[in-house]
There are 2 protein chains.
Amino acid sequence: MKEGNILNQLKVVCSLCSLRELCLPIGFGPAELQQLDVLTGSKRHVKRGEYLYRTGMPFASIYAIRGGFFKTSILHEDGREHVTGFHMMGDIMGLDAISTDMHGCDAVALEYSEICEIPFERLSELSMTMPVLRHNLHKVMSREIAFDHEVMLMLGKMRAEERLAAFLLNLSQRFSARGYSAASFQLRMTREEIGSYLGLKLETVSRIFSKFQDEGLIAVQKKLIELKDENGLKRLLGSLA
Amino acid sequence: MKEGNILNQLKVVCSLCSLRELCLPIGFGPAELQQLDVLTGSKRHVKRGEYLYRTGMPFASIYAIRGGFFKTSILHEDGREHVTGFHMMGDIMGLDAISTDMHGCDAVALEYSEICEIPFERLSELSMTMPVLRHNLHKVMSREIAFDHEVMLMLGKMRAEERLAAFLLNLSQRFSARGYSAASFQLRMTREEIGSYLGLKLETVSRIFSKFQDEGLIAVQKKLIELKDENGLKRLLGSLA
DNA sequence: CATGGATTATGATTTAGATCAAATCGTTTC
DNA sequence: GAAACGATTTGATCTAAATCATAATCCATG
């Protein structure tokens, strides 16, 4: 890792740019940064409720979230909708579309959001000459695969309470990694959307929030969640029976 | 798509090599094929029950299955195991490990298998100068992400019978794509492993196999499955209620 | 700021699938 | 080839979460 020191210096340089720091984590030289600027030129904002892309639309770009909150969901033939993920600042969306050249899910903003559009073909070409960029792209895709496997474990093996605990802890950890409070945050999605993501019904989500509150694990006020006993939630997760 | 004709010719050239055709789908020139041969030099065989890799082992290579059958699974703290996938000839395993430089799941051979080990760093470097290889690598990773989302929909929204139907149709389709019979195949995994993958108990899997048989949808003889009414299974999948 | 449509909370009842239990079938081992 | 073990099938019972139902609350918009 001879590059280590240089990378650490650059970390400071690009600390203000969420894309560089979070999406395609740091490690570029000044010349490379210029190229990246060209790449990430196209910024867009998406209003609450607006679709960033829809199933079936031709794929050309992936999207890095600069700020805001999204959900992605797939639609089954019979009309059932399943929320496949919630995405926040620094996350990259649209990676699932590369294989088919067509978006395979819908992406909706759950609040006013700003994204930057990254033409995938250009990114791929750039990655040719920029080993760090290439590595980061692979890392981002790989992380999504690994995370999806965790979600499968959750959907396939956990009980409702465990799913909710895992969900809250994951949200907390992600907010925390972005510099926001780990203990207190605003939910951007409805109980129904949480339920859809976790394979539960909204009533079950609501009931368990109430139960967690009664047990002193969290405090719920509509969409504001406070984690009162993080370890309690973790214990709930790790234990059998 | 000016490359189209060339690619089609090459398709024939490498039609005998499962790796080239299926894993990193076709599109290489003769010179590039030589380089690929260097890359894919390391072949290994894995006996039934043997681990190809385990959670926590350092990541260096991804693995292309030349023949045989694998399952991958993750272990929860409390001992619960969840099967995250079944993998056959042409599939690539280990992509989830790139992000952490460490394998995040176990890969076990369910029958005698042959794999070829692809040092990821070298593949990544090669992809620098071989646009088609680069594109295919991205496609393979993207396909896994998209497929995982389908699995989430299955685990989160489908009833037990629908999951089994989806599972059987997916297996059938994959065998078919590899030149085997779509209508008749041998299961390599136990009812318990199917259950683990689908978020069901082995008794439920067994009961539904029996039910499907009674309804004339399939014929089951231990591990040999015959799809008697593919459309019936598809109907089961697409319908509400 | 009033009105109507979402969203949430909570209770009563139902049900799909889990759990518990036992018998059968297969296959590996000694 | 008998013993032992694992895998499968099938039945009876139980339970976690779904469904149905109602009320309360929120909040979006004219």
Side-chain angles (χ1 to χ4, degrees), chain A residues 47-50 71 80-83 108-112 154-168 186-215 218-225 236 239-241, chain B residues 47-49 71 80-83 108 110-112 154-168 186-215 218-225 236 239-241:
Chain A
K47 283 200 284 274
R48 183 191 149 100
E50 254 181 36
K71 73 166 177 184
R80 278 177 287 191
E81 187 198 36
H82 184 80
V83 173
V108 191
L110 297 183
E111 64 181 14
Y112 174 87
M154 185 171 77
L155 291 173
K157 291 281 179 303
M158 291 187 184
R159 295 177 310 105
E161 286 183 25
E162 297 176 299
R163 293 185 205 183
L164 252 305
F167 172 73
L168 290 175
Q186 202 79 29
L187 294 177
R188 270 76 170 185
M189 70 295 279
T190 67
R191 305 289 191 262
E192 185 168 25
E193 286 162 334
I194 296 173
S196 177
Y197 178 61
L198 298 175
L200 302 170
K201 291 291 154 181
L202 71 100
E203 295 95 325
T204 306
V205 174
S206 176
R207 267 184 249 276
I208 293 177
F209 274 173
S210 300
K211 182 158 185 272
F212 282 179
Q213 180 156 246
D214 292 347
E215 294 170 347
I218 63 175
V220 193
Q221 286 173 271
K222 273 292 133 209
K223 304 227 157 177
L224 177 68
I225 301 282
L236 226 157
S239 67
L240 278 165
Chain B
K47 282 201 282 275
R48 183 191 150 100
K71 73 166 177 184
R80 277 177 288 191
E81 189 197 34
H82 184 80
V83 173
V108 190
L110 296 182
E111 65 181 15
Y112 174 87
M154 187 171 75
L155 292 172
K157 289 283 179 304
M158 291 188 184
R159 294 177 309 104
E161 285 183 25
E162 296 175 301
R163 294 185 204 183
L164 252 305
F167 173 73
L168 290 174
Q186 202 80 31
L187 295 177
R188 270 74 170 186
M189 70 296 279
T190 67
R191 305 288 191 262
E192 186 168 24
E193 287 163 333
I194 297 173
S196 177
Y197 178 62
L198 298 176
L200 303 170
K201 291 290 154 182
L202 69 100
E203 295 96 327
T204 306
V205 173
S206 177
R207 267 184 249 276
I208 292 176
F209 275 172
S210 300
K211 181 157 186 273
F212 281 179
Q213 180 156 246
D214 293 346
E215 293 169 348
I218 63 175
V220 194
Q221 286 172 273
K222 274 295 130 198
K223 303 227 158 176
L224 177 68
I225 301 282
L236 227 157
S239 66
L240 276 166

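Chain A is the first sequence line, chain B the second, and so forth, proteins listed ahead of strands; every chain is numbered from 1. When reading the values below, keep in mind they use all heavy atoms of this one structure, side chains included, and skip hydrogens, waters and symmetry mates.
One finds a side-chain N or O of B/R191 lying less than 4.0 angstrom from the OP1 or OP2 phosphate oxygen of D/dT8. OP1 or OP2 of D/dT8 has at least one side-chain nitrogen or oxygen of B/K223 nearer than 4.0 Å.
Rounded to a whole Å, the CZ atom of B/R48 is 13 Å from the P atom of D/dG6. The interatomic distance linking A/Q221 (CD) with D/dA24 (C1') rounds to 17 Å, in whole Å. Taking atom CE of residue A/M154 and atom P of nucleotide D/dA17, one finds them 13 Å apart after rounding to whole Å. Residue B/L224 contributes atom CG, which lies 16 Å from atom C1' of D/dA7 at whole-angstrom precision. At whole-Å resolution of the value, CD in B/E192 and C1' in D/dT9 are 15 Å apart. Between A/K211 atom NZ and D/dA17 atom C1' the separation is 13 Å, expressed in whole Å. Rounding to whole angstrom units, CG of residue A/L164 and P of D/dA17 are separated by 10 Å.
Minimum heavy-atom separation, B/M158 to B/A166: SD-CB, 4.4 Å.
Between B/F212 and B/I225, every side-chain heavy-atom pair lies at or beyond the 4.5 Å cut-off.
Residues from residues 193-206 of chain A placing a heavy atom under 4.0 Å of any atom in DNA chain D, listed by number, are A/G199, A/L200, A/K201, A/E203, A/T204.
Residues satisfying the salt bridge (Lys or Arg N to Asp or Glu O under 4.0 Å) criterion with A/R207, sequence neighbours excluded, are absent altogether. Taking B/E161 as the reference, B/K211 meet the side chain to side chain donor-acceptor pair (under 3.5 Å) condition, with sequence neighbours excluded. A/K223 pairs by the side chain to side chain donor-acceptor pair (under 3.5 Å) definition with nothing, not counting sequence neighbours. Not counting sequence neighbours, B/K222 has no partner by the side chain to side chain contact (heavy atoms under 4.5 Å, CB included) test. Not counting sequence neighbours, A/R191 has no partner by the side chain to side chain donor-acceptor pair (under 3.5 Å) test. With sequence neighbours excluded, no residue forms a side chain to side chain donor-acceptor pair (under 3.5 Å) with A/Q186.
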**OP:** Start with the C-alpha gap between B/M189 and B/K71, add the side-chain angles, then the distance that decides, and say whether side-chain contact (heavy atoms from CB on, under 4.5 Å) holds.
**Re:** CA-CA 8 Å; B/M189 70 296 279; B/K71 73 166 177 184; over 6 Å; no

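Over its full length, the helix from C/dC1-D/dG30 to C/dC30-D/dG1 turns its helical axis through 50°, comparing axes from the five pairs at each end and rounding to 10°.
Of all nucleotides in DNA chain C, those with any atom nearer than 4.0 Å to a heavy atom of chain B start and finish, going 5' to 3', at C/dG17 to C/dC20.
Toward the 5' end of DNA chain D, the nearer of the two residues B/R207 and B/M189, judged by each one's closest nucleotide, is B/M189.
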Going by atom type alone, with no hydrogens or angles, which donor-acceptor pairs under 3.5 Å involve a side-chain atom of residues 196-206 of chain B and a protein atom two or more places apart or on another chain?
residue: B/S196; atom: OG; partner: A/K157; partner atom: NZ; Å: 3.1
residue: B/S196; atom: OG; partner: B/E81; partner atom: O; Å: 3.3
residue: B/S196; atom: OG; partner: B/V83; partner atom: N; Å: 2.9

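Heavy atoms from other residues, nucleotides or ligands lying under 6.0 Å from CD of A/E111 number more than 12.
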